[in-house]
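The structure appears right after this line, and notes come after that.
Everything numeric in this text was worked out from a predicted model, so none of it was measured. Every chain is numbered from 1, with letters handed out A, B, ... down the list of sequences.
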Amino acid sequence: MSELKEELRPKGTVVLVYFFLAVMVVYYWLSWKWLSELWLFG
Amino acid sequence: MAGDFRTCPTTGLKVHLPAQTLIKVNAVTAIVFLLVGGILALLLLLTRWQAVHLLPPDFFYRFLTLHGIAMLVAWIVYFEVALLYFTSAVLLNARLATPRIGWLAYILMTVGASITTVAVLAGGSDVMFTSYVPLKASPFYYLGIVLFAVGTIIACILFFATLSLAKYEKTYEGSVPLVTYGAAVAAILAIGTLAHGAIFYIPTGLWAAGVIPMMDPEAYRLLFWGFGHTSQQINVAAMIACWYALAALTVGAVPLSEKFSRSAFVLYALFIAVASEHHLLWDPGISSAHKMWNTGYVIHLAVLASMMHAFSVPGCIEVALRKKGYTKGLFEWLKKGPWGDPAFASLVFSVAGFGFLGGITGIMYGTEQLNILGHNSLRVPGHFHATVVVGTSMAFMGITYYVLPLIFQRQVMFPTVAKLQPYFYGVGMWILSIAMMFVGSFGVPRRHWDITLADAPFKYSFGPTVDLGMAITAIGGILAVIGGAMFCVIAVATVLAGKKVNQ
Amino acid sequence: MSLQSPQKYWWDEPLDKDEKMWLTVAIIWALFLTLFMPYMHYTGKQNPSQEYAKISGDKFDAAVDKFIAQYKVGEEAGFAVVAPPPNSDIFIRGKQFTWDPILKLKKGVQYKLHLSSLDMNHGLSVQPVNFTIQVVPGWDNILNITPTTTGVFTIICNEYCGLGHHTMVGRMYVD
Ligand code: HEM
Ligand SMILES: [Cu+2]
Ligand SMILES: [Cu+2]
């Protein structure tokens with residue numbers, strides 16, 4: 001796809017995938033936070 | 001030989017007629033099981049919604065066992081077999097190596113699925129599709145599954161035989177198409193995992209028949225998920241192959257980079273097959289080091305592969321639509337997509353739902369420590385209804401809208417209903433899986449007949465938020481059942497009475 | 001198109017810059033996910049059992065009976081209520097369709113919890129703190145557990161264990 005003209009580049013997809021990653025990072029962080037509030041196990 | 005072929009007027013592909021018949025038979029059987037599983041789903045849904053609480057407990061657990069098998073085993077796998085024949089014989093202009101073996105595979109699968117279904121319905125096999133020992137089903141339950149698995153393995157071998165034959169007879173030039181490549185990865189995973197499954201169900205069945213002693217329950221869990229989870233990766237690979245096919249069929253998309261997409265498929269083939277212990281993260285008997293190796297190193301390379309497809313599938317759709325002139329801003333292409341084409345709508349629901357709902361939650365619940373928060377709660381069915389229903393099943397439904405005219409050579413009936421179908425199913429399933437994960441985060445158990453705990457020695461209430469969540473689950477589920485019924489009606493009516501596409 | 005054979009030499013075609021960037025980011029994220037689990041084993045305070053052992057149902061049953069006889073302080077709904085001292089070995093026995101005994105624990109105190117089943121797999125799901133540990137027959141799942149909240153807790157079975165599964169409910173107290 002290297003020869004794509006500028007207006008044909010998948011710019012929307014780039015935004016979508018980084019948004020996807022951001023959601024994943026936030027949920028990951030939240031999950032560890034919830035876990036840290038639990039009783040202690042080891 | 002030539003008389004065994006017809007030329008498809010739309011695509012110019014040479015279609016091998018015996019292959020076409022096998023595709024039809026497997027696809028129709030898949031849809032029959034989807035119908036059965038869907039009816040059961042409605043009953044389960046109306047039972048878990050405590051305001052209705054429809055079924056008595058024994059039928060709830062029995063139908064739950066059968067829903068898992070009819071859907072996850074029968075619907076999905078029959079459809080995959082149809083896809084394997086389609087992506088080998090049809091896409092490569094080739095003949096199916098040995099149609100007779102294809103029939104043998106079909107008969108084994110169908111005898112197996114029937115035996116297991118009857119064994120479950122007859123009672124005494126209320127063990128859920130996981131059948132963790134010491135829970136014991138009728139020996140026929142295991143026999144049916146073994147036969148089904150053997151039949152599927154034969155179908156996969158036939159797929160590879162057809163690939164080599166096509167190469168030998170030079171029916172195509174260069175490399176196989178990307179969709180066939182993805183299907184081949186699915187078939188490789190299938191042969192490995194189903195062989196494993198068939199082998200470990202044999203001692204379990206013999207134990208149920210009283211011939212040999214029981215295997216260790218933890219060893220069973222390890223062996224079960226070694227097969228049970230890996231077989232889900234077959235569904236992932238098959239689904240992504242369908243995504244590329246749907247992107248091509250609905251908007252004429254061309255892969256952005258064959259190298260990129262194919263490398264991602266190779267990562268699946270190499271690494272995903274090992275991951276299984278994320279079902280056992282708070283189990284005894286396996287060291288943390290092993291759990292982390294199994295779920296960490298190996299699965300995150302598979303995560304990497306999924307993230308690659310997450311770029312290249314929407315990316316190729318976007319570029320194709322931009323080429324049609326929708327180049328304004330970031331998202332004009334998405335707005336102007338062919339939303340009235342049920343295959344396109346299914347594709348979008350499938351890609352977005354698999355990624356945002358199924359993928360993200362899967363990574364959380366599959367992390368060793370985090371698993372304690374969700375294990376065996378409704379978060380788990382919420383997660384896999386996002387992956388295997390929104391993801392895989394909707395991709396398969398989308399492809400069906402093209403299989404009907406191309407293979408069954410009939411025009412899709414009730415086009416208005418067809419237009420709406422993915423919205424009912426997709427929106428309903430999104431609601432169902434989000435709501436299930438939501439109530440699951442309050443600790444609501446899965447596979448549970450009565451969360452009001454009315455017959456228990458101690459009282460506990462999950463509270464009004466959970467009641468509301470269960471009601472929303474039911475509403476989403478009912479929408480999805482309506483969408484599923486629309487799909488089955490359209491498919492069956494078209495197969496039986498659709499207008500012939502002229503030759 | 002993906003339904004047709006690609007052009008020859010597709011493997012020579014270079015990746016686009018957006019693809020390269022995303023690939024790099026995705027690799028870093030995958031590595032991070034992989035390394036964060038072992039890292040949390042060192043710094044986190046919620047980790048799965050590192051000690052587990054095979055144990056026969058009879059042996060476990062006997063150990064639980066002994067434990068109950070030693071620390072029993074009362075009875076509720078036909079189940080023994082047991083108040084073990086800090087840092088002791090404590091037991092919960094799962095069987096179709098009961099959890100026993102009822103533990104009375106102290107907040108902020110560590111105990112060595114032993115979990116096993118006499119028959120099927122069960123799921124020890126403690127509410128409303130909301131955590132679940134797998135209980136497997138033939139195996140002693142051992143966890144050093146420290147309650148950090150007080151109250152009345154309900155133990156629900158969340159691993160299907162037979163037709164009475166939904167009646168398998170137990171109690172636990174922390175004060
Ligand atoms: C209309 C669509 C569907 C609805 C409303 C629905 C609903 C449900 C419900 C209510 C449960 C029970 C959850 C629990 O109590 O633990 C369930 C379980 C399950 N469903 Fe579905 N489902 C649908 C479609 C599907 C499809 C298409 C598949 C597979 C491809 C599927 C696979 C499963 C599996 C594997 C289980 C777990 C069974 C078990 O726990 O043993 N479902 N579903
Ligand atoms: Cu139980
Ligand atoms: Cu249970």
* To do: Counting only heavy atoms closer than 4.5 Å, note whether L321(B) contacts chain A via side chain, backbone, both or neither.
  => neither

* Steps toward side chain to side chain contact (heavy atoms under 4.5 Å, CB included) verdict (F41(A), Q369(B)) -> CA-CA 10 Å; F41(A) 301 87; Q369(B) 293 93 332; over 6 Å; no

* Structure fact -> NZ of K324(B) to CG of L8(A), rounded to nearest 0.5 Å, is 13.0 Å

* Pick from F356(B), F260(B), Y326(B), W333(B): which one has the most heavy-atom pairs with chain A under 4.5 Å? -> F356(B)

* **Least distance between heavy atoms, V319(B) atom then P10(A) atom** => CG2-CD, 3.9 Å

* Asked: Can you say whether T367(B) sits under 4.5 Å from chain A via the side chain, the backbone, both, or neither, judging by heavy atoms?
  -> side chain

* Under a 4.5 Å heavy-atom cutoff, which of T361(B), L330(B), I317(B) has the most pairs with chain A? -> L330(B)

* State, with a plain yes or no, whether a side-chain heavy atom of L370(B) is found less than 4.5 Å away from one of W34(A). => no

* To do: State the NZ-NZ distance between K323(B) and K5(A), to the nearest 0.5 angstrom.
  => 9.5 Å

* To do: Please assess L21(A) against M307(B) for the test side chain to side chain contact (heavy atoms under 4.5 Å, CB included), listing each intermediate value before the final yes or no.
  => CA-CA 9 Å; L21(A) 182 66; M307(B) 288 174 76; 3.8 Å; yes

* To do: With side chain to side chain contact (heavy atoms under 4.5 Å, CB included) as the test, would you mind laying out the steps for F331(B) and V15(A) before giving the verdict?
  => CA-CA 10 Å; F331(B) 293 114; V15(A) 173; 4.2 Å; yes

* Partners meeting side-chain contact (heavy atoms from CB on, under 4.5 Å) with T250(B) (sequence neighbours left out) -> D341(B), A343(B), F344(B), L347(B), Y402(B)

* Mark yes when over 12 heavy atoms from residues, nucleotides or ligands other than F19(A) sit less than 6.0 Å from its CZ; otherwise mark no. => no

* Structure fact -> Shortest non-hydrogen pair, E318(B) vs K11(A), comes out as OE2-N, 3.1 Å

* I360(B) side chain reached by Y28(A) side chain, heavy atoms, under 4.5 Å -> no

* Structure fact -> Nearest heavy-atom approach of M364(B) to M24(A) is CE-O, 3.6 Å

